[in-house]
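Reviewing the structure listed below.
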Amino acid sequence: MFELIERAAARDADAVALVGSRAWTYGELAATAQSYARGLREQGVARFAVVTNDVPVAIALLAASSLVGAEACLYAPDIAVEELQRQAAAFEHTAVFSDREDVLALDGPALCTAGFASLDVAGDDITDVPAKRPLLTLTTGTTGTPRGVRHDWGRQLSRVLDTKSGAGQVWLLAYGPQQFAGLQIILHTMAAGTTLVTPPVRRPQAVVDALHAEGVTHISATPTFWRFLLAELRADSRPAPAIRQITLGGEASPAALLVELAATFPEARVSHIYAGSEFGSTGSVRDGRDGLPASLLTRDDGAPVRLKVEDGQLFVRSQASMVGYYGEPDLDPDAWWPTGDLVEIVDDRILFRGRASDVINVGGVKVHPLPVEERVTAVPGVQAARVYGRANALVGAVVAIDVVADGSVDEAELKKAVRAACADLPRPWQPRSVQVVAELAMKENKVIRGTSAD
Amino acid sequence: MTENEASIIKLIEELLERMDKAEGVTVTLDARLHGEDGLGLDSLDTAELSATLEDELGSDPFAEGLMPETVAEIVAFYDAKESVSA
């Protein structure tokens with residue numbers, strides 16, 4: 001990763017790389033990464049965790065780790081202390097760098113915690129980059145302890161090295177830097193030498209001002225994020241920001257949302273991306289249509305990413321896949337990875353039908369939440385919806401829907417409209433409970449679907 | 001009619017209304033939930049009744065392992081709950 005920053009700095013050291021609580025130039029970011037790298041090497045740190053909401057510092061540390069081959073792992077910036085201790089034990093992290101007082105207070109014989117200044121070491125630039133350069137990311141599962149996913153910087157960088165210069169573009173980091181999707185944005189922007197705006201709070205409600213103030217032109221985010229951002233912008237008296245590129249990922253992109261985005265941002269190109277921590281990205285789809293082109297299924301053996309469908313599930317084979325899960329042996333890099341995403345091929349498209357784990361079993365009938373969600377979110381007055389399975393004594397589970405209303409609508413009328421929108425579905429698919437709620441159960445700007453978390 | 005009786009009859013009437021099963025049916029206390037001579041609820045309809053009772057009243061006899069057969073048995077479940085908490 002350091003090589004991307006160094007390359008951008010060589011082109012224009014004064015170009016703004018990151019905007020956090022202040023602006024960082026590429027020159028400054030490269031110099032900070034070098035000093036942190038010297039600190040890691042001097043202290044003999046082989047693996048470490050980072051807890052900070054100062055995204056530029058986290059990025060400098062990632063770059064430093066890629067320079068000396070120390071395995072970095074970003075924890076969620078707001079992780080609770082008890083959870084941090086559990087994670088550190090689970091992933092055998094004995095060194096944690098942070099700017100949080102409560103984290104620094106944990107410093108002891110079992111877990112060494114230190115501030116960033118301790119890594120700031122002056123000296124000669126490091127140029128002897130080791131061959132083995134590991135990175136650990138954590139999955140954001142909706143329940144339980146996350147899984148560690150082992151990556152190799154070389155594999156991650158191979159796909160972005162030939163990225164075209166993006167001078168003049170201003171990107172928003174709408175994902176956490178600890179998320180794999182966030183890492184993809186960071187790598188892309190550093191490779192393109194663009195500016196990345198890193199707001200401290202990434203909820204759509206909190207970023208509107210930053211979009212205007214920093215002149216953001218490119219945003220990659222979840223459909224749920226976009227849905228709420230559209231609602232914020234409708235309520236905002238200012239004209240919509242001049243977004244040029246809209247990317248959706250992390251969840252299936254409903255066709256209705258793509259239409260609404262195109263209407264709100266007529267100048268923008270809308271694309272979507274399909275990616276996962278385990279298998280990397282399959283590239284962005286720019287034709288404004290739902291799903292992935294089926295032509296991806298027939299690529300030849302030499303393509304960097306290949307797809308196949310087996311028993312309705314999408315499998316990926318990628319050169320940018322993970323090395324393996326933490327605590328498990330390396331995977332065969334040529335092996336097919338089961339994505340857990342259920343798909344259907346309709347004409348020339350691979351269409352997503354939902355996560356295998358989200359399927360709701362209603363009296364033996366397998367119900368996919370997504371088609372239900374698509375119908376419900378198209379109902380006027382519905383801002384967002386969560387479709388999930390609710391335990392039921394008679395049929396095992398029933399489809400339940402939480403909806404967030406858009407402004408002041410009559411609750412009884414809205415529930416009626418939601419039920420009517422699902423009337424064409426087979427009976428087991430129809431909702432047996434519709435509730436209007438203030439907000440949805442969400443995680444990292446994604447709606448929690450499928451089997452109820454409670 | 002007690003408060004529980006009235007609210008549960010109203011809830012079932014609304015349920016039948018949404019299911020297009022309300023026509024020609026009078027919801028009485030001794031009405032059977034299932035069958036041609038009763039309210040005609042099948043298993044999915046009954047599942048919805050169970051979910052609706054939980055949504056509206058916070059608890060539900062089906063979820064607690066009971067299988068009420070008549071409207072009165074549903075009412076009795078809530079009456080018993082109140083006498084326990086009273």
Side-chain angles (χ1 to χ4, degrees), chain A residues 360-367 369 372 375-376 379 385-405 410-438 440-441 450-454, chain B residues 6-23 25 27 31-36 38-81:
Chain A
I360 306 164
N361 190 328
V362 180
V365 177
K366 286 178 180 171
V367 174
V372 183
R375 281 167 175 74
V376 175
V379 171
R386 169 178 177 240
V387 178
Y388 59 100
R390 196 159 108 186
N392 185 280
L394 296 128
V395 290
V398 291
V399 175
I401 305 182
D402 289 349
V403 292
V404 177
D410 180 75
E411 211 174 294
E413 287 301 314
L414 187 65
K415 286 184 178 182
K416 213 167 154 184
V418 165
R419 289 178 190 274
C422 300
D424 67 313
L425 289 167
R427 288 188 68 222
W429 293 60
Q430 295 179 10
R432 301 294 157 188
S433 167
V434 180
Q435 306 253 57
V436 177
V437 297
L440 298 179
T451 308
S452 174
D454 47 51
Chain B
S7 66
I8 285 161
I9 286 177
K10 180 162 178 282
L11 183 148
I12 294 173
E13 282 171 348
E14 285 170 0
L15 183 81
L16 293 171
E17 191 76 39
R18 333 194 252 275
M19 293 168 173
D20 274 337
K21 288 187 175 180
E23 201 150 324
V25 173
V27 182
R32 301 191 66 79
L33 300 178
H34 316 292
E36 299 260 318
L39 302 178
L41 301 184
D42 67 10
S43 62
L44 276 172
D45 297 334
T46 316
E48 179 159 343
L49 171 63
S50 156
T52 308
L53 288 168
E54 194 187 343
D55 287 348
E56 300 294 328
L57 304 172
S59 64
D60 148 42
F62 300 96
E64 300 194 14
L66 302 174
M67 278 297 154
E69 295 278 336
T70 63
V71 176
E73 286 174 31
I74 297 177
V75 174
F77 168 80
Y78 293 99
D79 286 346
K81 272 220 171 283

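Only this structure's heavy atoms are used, side chains among them; waters, hydrogens and symmetry mates stay out. Letters A, B, ... are given to chains in the order of the sequence lines, protein chains preceding strands, and every chain is numbered from 1. Bear in mind that the values here come from a model prediction, so they are computed numbers and not experimental data.
Contact annotation for A:P431: only backbone heavy atoms (N, CA, C, O) come within less than 4.5 Å of a heavy atom of chain B. With a 4.5 angstrom heavy-atom cutoff, B:D60 does not touch chain A via any of its atoms. Contact of B:D42 with chain A is made through the side chain alone, with heavy-atom distances under 4.5 Å.
Evaluation of the side-chain hydrogen bond (donor to acceptor under 3.5 Å, both in side chains) test over residues 410-421 of chain A, restricted to residues two or more places apart or in two chains, returns A:R419-B:E48.
Separation of atoms CZ (B:R18) and CG (B:D45) is listed at 10.5 Å; rounding is to 0.5 Å.
A:R432 places none of its side-chain heavy atoms less than 4.5 Å from the side chain of A:V395.
At least one donor-acceptor pair closer than 3.5 Å links the side chain of A:N392 to the backbone N or O of B:A47.
Of all the listed residues (B:A51, B:G65, B:S50), the one sharing the greatest number of non-hydrogen pairs under 4.5 Å with chain A is B:A51.
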